[in-house]
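One structure is given here, and the rest of the page talks about it.
Chain letters run A, B, ... following the sequence lines, proteins first, then strands; residues in each count from 1.
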Amino acid sequence: MCLAIPGEIVEIAGEDLSRTGTILFGTVKKQASLAFIPDAAVGNYVLVHAGVAISKVDEKEARRIFGYLEEIDEISG
Amino acid sequence: MKYLDEYRDPAAARAYAAAIRKITTKPWTIMEVCGGQTHAIVRFGIEDLLPEEINLVHGPGCPVCVTPVEIVDKAIAIAAMPDAIFCSFGDMLRVPGTEKDLLSVRAAGGDVRIVYSPLDAVEVARKNPGKQVVFFAVGFETTAPANAMAVHMAKTENLKNFSVLVSHVLVPPAMESILSSPQNKVRGFLAAGHVCTVMGTAAYAPIVQKYKVPVVVTGFEPLDILQGLYMCIRQLEEGRAEVENQYSRAVREDGNLPAQELLGKVFRVIPRKWRGIGEISESGWGLTEAYAAFDAENRFDVAGASRAEPTECISGLVLLGQKKPAQCPAFGKTCTPEHPLGATMVSGEGACAAYYRYRKTEAA
């Protein structure tokens, strides 16, 4: 139920509560509200749930999972 | 697809599994809160990668499962009204009420529509001014911003033929309910990542402090879950209890502030009954006075009868992490996804339904 899918914003239209993005999920384009992500821009990835973007994906944080174990090993030495 | 496939990489998963084995010295019971995580754990066989000391139990985080029968009955009664169009997420249609489900209302000629978003239901109301359009607003904090937006739009546009049947539940009170049970076995939590994208991580600090359990906000892909487990087990082994954020690519400490602002206007905290568990105080959201005109329970005079849960069903204990699906005598026999007896079998994300789909052989 709480499934949210990451997709890339390819177009933005409207303002405030009507701010809507065209979001590319793989090869499928769908409309989603961007009202709750006021700083989202074309090219950003957002998590979309029930037609509404609820979070912007942070690219830098997204990569951390892959270096995490090495990082931990280094810290615990 | 970006931000999905990368988190299913088998080599990275094996590295996390090895790291977990390396740090685990004692038995620990850890609960993943969200039904989406349960589904991923069972589907990708994550438990098979873990050392035998780690016992994963599955939490109450499936809003479809915990929607009380009375509300499902009200939905069914509204959907059967001649001038109603009843809109719902697809997974609510098969949830059994006292006598039938929404699918059977549709089969009998009722106008029951599956929508992808509550905003689509608002559009149905705009296009059908002669009909009463009702949206079944179920969900956790993740779904609440979309539902709040739909209600707010209807009010702004003065759409008099739109209302919502609300059954919103909240995650932190359910976690407290689990931890305060004398039978509780859960020593650490993987908290529901998407709930936290909306609400942030602050709500878990009092829980961590009061019950001394680690809470790791975790995502939904196999690597997310393995990293979340690693972080949780590491805290347990080191005797720490902190809120940590595994899902930092999507979750900020404060959550989504514009969404929270609208939620504060549209919803207020109320007690809610959870199917399989019973009433939990301050565990749900209802509409505020300002939006009460859009509450379908006020608009339509429909009563929801209460049905006792079948005695052989142990879904309450499964939701609280005290039993596993295969420990139920009815599992896979008198209780199946086609004929569910209780909360955890009614939706695909319920623990029993996930076990039935991916691990049926164990029950046979």
Side-chain angles (χ1 to χ4, degrees), chain A residues 1-10 14-21 23-40 43-76, chain B residues 1-4 6-7 9 12 15-16 18-19 34-36 39 61-65 89 91 115-120 138-143 145-147 149 152-153 156 192-195 197-198 219-220 223-224 227 230 234 246-252 255-259 262 347 349:
Chain A
M1 173 96 200
C2 286
L3 190 68
I5 310 286
E8 184 184 3
I9 303 173
V10 290
E15 280 176 32
D16 300 325
L17 262 194
S18 312
R19 202 168 117 91
T20 304
I23 318 287
L24 185 63
F25 301 98
T27 55
V28 180
K29 277 185 194 170
K30 264 185 111 86
Q31 300 290 306
S33 168
L34 292 175
F36 295 135
I37 320 279
D39 64 336
N44 289 162
Y45 277 75
V46 284
L47 284 174
V48 177
H49 170 77
V52 174
I54 51 171
S55 176
K56 193 164 89 173
V57 179
D58 183 316
E59 296 207 21
K60 202 172 135 212
E61 292 290 330
R63 284 192 293 269
R64 285 189 57 192
I65 196 168
F66 302 104
Y68 177 82
L69 286 174
E70 288 78 7
E71 216 176 284
I72 284 285
D73 268 342
E74 213 165 282
I75 293 165
S76 56
Chain B
M1 199 160 120
K2 205 168 173 188
Y3 302 121
L4 279 182
E6 311 90 299
Y7 300 102
D9 175 50
Y16 271 104
C34 176
H39 196 86
C62 164
V64 178
C65 300
F89 296 126
D91 35 7
V115 290
Y116 157 74
S117 165
L119 306 180
D120 297 340
V138 299
F140 278 106
E141 294 91 328
T142 315
T143 315
N147 290 342
M149 190 184 290
H152 184 72
M153 271 183 175
T156 311
H194 289 147
V195 164
T197 62
V198 176
F220 298 81
L223 278 192
D224 290 322
Q227 188 185 21
Y230 177 88
R234 196 173 174 106
Q246 181 279 326
Y247 202 34
S248 57
R249 67 181 181 277
V251 173
R252 330 281 174 248
N256 186 323
L257 295 175
L262 187 64
S347 152
E349 282 182 8

Contact class of A:Glu59 relative to chain B, heavy atoms under 4.5 angstrom: both
Which residues pass the ring-ring contact (aromatic ring centres under 6.0 Å, His included) test with A:Phe36, sequence neighbours left out? none
Heavy-atom contact with chain A under 4.5 Å, split by part of B:Ala19: side chain
Check each atom of A:Ile65 against the heavy atoms of chain B and say whether the ones under 4.5 Å are side chain, backbone, both or neither. both
B:Thr197 side chain reached by B:Asn256 side chain, heavy atoms, under 4.5 Å: no
With a 4.5 angstrom heavy-atom cut-off, which part of B:Asp120 approaches chain A: side chain, backbone, both or neither? neither
Heavy-atom distance under 4.5 Å to chain B: side chain of A:Val48, backbone, both or neither? side chain
Under a 4.5 Å heavy-atom cut-off, does chain A meet the side chain of B:Leu223, its backbone, both or neither? both
Can a donor-acceptor pair be found, under 3.5 Å and without considering hydrogens, that links the side chain of B:Glu6 to the backbone of B:Leu4? yes
May I ask you to name which of A:Ile37, A:Val46, A:Leu17 has the most heavy-atom pairs under 4.5 Å with chain B? A:Leu17
A:Asp16 meets the side chain to side chain contact (heavy atoms under 4.5 Å, CB included) criterion, sequence neighbours left out, with none
Quick one: are B:Cys34 and B:His194 in side-chain contact, heavy atoms under 4.5 Å? no
Dump the intermediate steps for side chain to side chain contact (heavy atoms under 4.5 Å, CB included) on B:Leu119 and B:Met149, then the final yes or no. CA-CA 8 Å; B:Leu119 306 180; B:Met149 190 184 290; 4.0 Å; yes
Is it the side chain or the backbone of A:Lys30 that comes within 4.5 Å of chain B heavy atoms, both, or neither? side chain
Turns out that what part of B:Leu262 lies under 4.5 Å from chain A's heavy atoms comes down to side chain
What part of B:Tyr230 gets within 4.5 angstrom of chain A, counting heavy atoms only: side chain, backbone, both, or neither? side chain
If I measure from the heavy atoms of chain A, does B:Val138 come under 4.5 Å with its side chain, its backbone, both, or neither? both
At a 4.5 Å cut-off on heavy atoms, which part of B:Tyr116 comes close to chain A: side chain, backbone, both, or neither? both
Quick check: closest heavy atoms across B:Ser248 and A:Asp58, and the distance to 0.1 Å? O-CB, 4.4 Å
Contact check, side chains of B:Thr143 and B:Pro63, non-hydrogen atoms, under 4.5 Å: no
Greatest number of heavy atom pairs closer than 4.5 Å to chain A - which of B:Met153, B:Arg252, B:Gln246, B:His152: B:Arg252
Tell me whether the guanidinium CZ or amine NZ of B:Arg249 lies under 6.0 angstrom from the six-membered ring centre of B:Tyr7 and within 45° of its axis. yes
Taking B:Ala259, B:Ala146, B:Gly255 one by one, which has the highest count of heavy-atom pairs under 4.5 Å against chain A? B:Ala259
